[in-house]
Amino acid sequence: MEVKIANGTLALVEGNITCEETDAIVNAANTRLMGGAGVDGAIHRAGGPSIMEECRKIGGCPTGQAVITTGGDLKAKYVIHTVGPIYQDGTKGEAELLKSAYLSSIKLASTKGLKSISFPAISTGAYAYPLKEAAQIALKTAMDYLREYSDIELIRFVLFGRKTYDTFREELRKLI
Ligand code: AR6
């Protein structure tokens, strides 16, 4: 599914983010940037050891912020590593932190002059963020950015599995 927003495009696809050819792909990392399971493990496996070497030098990333490395062996030139919140009960600032993870990543891409960026559904795996609420925050943050700024041309959500894709599609339909 694809929608035009001002001069930009927001796209939803079901798939594996490591195959994306956007300028940057986003990793759902942890604060130590030490790798892990889920999409983090997949990106480091596909991208090779140079990404982890850069992560070690950077040293870490607070929740809700983002850092950038090269894409190693990936097709994407860069990996933006962001850290989403661990969902507790919804009263610990989770929504703000998730929004900030998306927005920090988009702003970092913009600062680097990048035009296209792919996101996974941050925090919805090991970090247990409820999928529907996470989708609403992800989509609204991306749409608001595309409406306000014209530097990023394409924001893609690369969603792993039918359930995640269908939830994002349902929430996007409500927003357009
Ligand atoms: N492409 C796209 N999405 C994927 C892929 C992939 N190859 N693999 C998994 N997903 P998670 P989190 C989806 O757990 O919840 C790690 O250990 C997955 O189905 O990867 O932010 C880190 O090191 C889900 O929809 O990230 C952290 O410690 C989404 O990506 C912690 O997990 C996010 O699931 C971060 O947890």
Side-chain angles (χ1 to χ4, degrees), residues 1 10-49 51-56 58-69 71-76 78-90 92-106 108-109 116-139 141-142 154-172:
M1 179 177 183
L10 190 155
L12 306 183
V13 295
E14 184 184 343
N16 177 348
I17 203 165
T18 63
C19 304
E20 284 296 310
E21 296 182 12
T22 46
D23 294 336
I25 64 170
V26 176
N27 182 18
N30 53 63
T31 53
R32 297 187 321 133
L33 298 179
M34 284 317 241
V39 70
D40 196 0
I43 287 172
H44 282 291
R45 271 196 304 278
I51 300 177
M52 184 52 77
E53 270 167 42
E54 284 185 65
C55 283
R56 266 196 216 101
I58 295 167
C61 176
T63 304
Q65 294 185 33
V67 300
I68 191 164
T69 66
D73 300 333
L74 297 167
K75 286 178 186 148
Y78 297 94
V79 177
I80 291 174
H81 306 260
T82 192
V83 184
I86 299 172
Y87 192 86
Q88 295 174 62
D89 59 5
K92 306 288 188 299
E94 291 96 330
E96 267 311 306
L97 288 167
L98 186 60
K99 177 181 171 181
S100 173
Y102 280 103
L103 197 53
S104 303
S105 302
I106 298 170
L108 189 48
S116 58
I117 181 169
S118 295
F119 281 101
I122 298 165
S123 283
T124 65
Y127 284 178
Y129 210 107
L131 190 52
K132 188 174 151 185
E133 284 83 348
Q136 288 165 353
I137 291 167
L139 293 167
T141 306
L154 173 63
I155 299 179
R156 274 164 77 82
F157 289 92
V158 183
L159 304 160
F160 205 57
R162 198 72 204 173
K163 183 173 165 233
T164 305
Y165 176 77
D166 284 346
T167 304
F168 269 69
R169 193 183 50 180
E170 217 172 281
E171 294 310 312
L172 180 56

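When reading the values below, keep in mind they use all heavy atoms of this one structure, side chains included, and skip hydrogens, waters and symmetry mates. Both counts, for ligands and for their atoms, begin at 1 and track the order of listing.
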Tell me, do [X] and [Y] make a side-chain contact under 4.5 Å, heavy atoms counted?
X	Y	value
Ile106	Ile155	yes
Ser105	Phe119	yes
His81	Ile68	no
Pro49	Met52	no
Ile122	Tyr102	yes
Cys55	His44	yes

Suppose I only count heavy atoms of [X] and a 4.0 Å limit; which atoms of ligand 1 are within that range?
X	result
Gly35	23 (O)
Ala42	7 (N)
Gly36	17 (O), 23 (O)
Ala28	21 (O), 22 (C), 26 (O), 35 (C)
Asp40	22 (C), 23 (O)

| request: Looking only at distances, please establish whether an N/O atom of ligand 1 is found under 3.5 Å from an N/O atom of Thr18. | output: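 Between Thr18 and ligand 1 (N or O atoms, distance only) the closest approach is not under 3.5 Å.
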| said: Side chain or backbone, does Gly38 bring an N or O within less than 3.5 Å of an N or O on ligand 1? | reply: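 In fact, backbone or side chain, Gly38 has no N or O that close.
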Nearest-neighbour protein heavy atom for [atom], which is reported as residue plus atom name and distance:
atom	answer
atom 36 (O) of ligand 1	Tyr127 CG, 3.4 Å
atom 7 (N) of ligand 1	Asn16 OD1, 2.9 Å
atom 16 (C) of ligand 1	Ala37 O, 3.5 Å
atom 29 (C) of ligand 1	Ala121 O, 3.3 Å
atom 30 (O) of ligand 1	Val39 CB, 4.0 Å
atom 1 (N) of ligand 1	Ile17 N, 3.0 Å
atom 25 (O) of ligand 1	Thr124 OG1, 3.1 Å
atom 3 (N) of ligand 1	Phe160 CB, 3.4 Å

| Could Asp166 and Arg169 be called an ion pair, given the rule that one side-chain N must be under 4.0 Å from one carboxylate O? |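 A salt bridge links Asp166 with Arg169.
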| field | Presence of salt bridge, Lys75 and Glu20, under 4.0 angstrom | value |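 Salt bridge: no.
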| said: Which label fits Tyr87 and Tyr129: parallel for a plane angle under 30°, tilted from 30 to 60°, or perpendicular past 60°? | reply: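 Taking Tyr129 first and then Tyr87, their aromatic rings stand perpendicular (interplane angle over 60°).
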| At under 4.0 Å between heavy atoms, which part of Ile43 makes contact with ligand 1: side chain, backbone, both or neither? |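 Under 4.0 Å from ligand 1, Ile43 contributes no heavy atoms.
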| Ile117 and its side-chain contact (heavy atoms from CB on, under 4.5 Å) partner, picked from Asp23, Ile25, Ile80 |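 Of Asp23, Ile25, Ile80, side-chain contact (heavy atoms from CB on, under 4.5 Å) with Ile117 is met by Ile80 alone.
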| task | For Lys163, look at atom NZ and say whether over 12 heavy atoms of other residues, nucleotides or ligands are found less than 6.0 Å away. | result |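 No - once you tally the heavy atoms of other residues, nucleotides and ligands closer than 6.0 Å, there are 12 at most.
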| Hey, looking at atom 15 (O) of ligand 1, which of Ala46, Pro85, Gly125 has the closest heavy atom? |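 Shortest heavy-atom distance from atom 15 (O) of ligand 1: Gly125.
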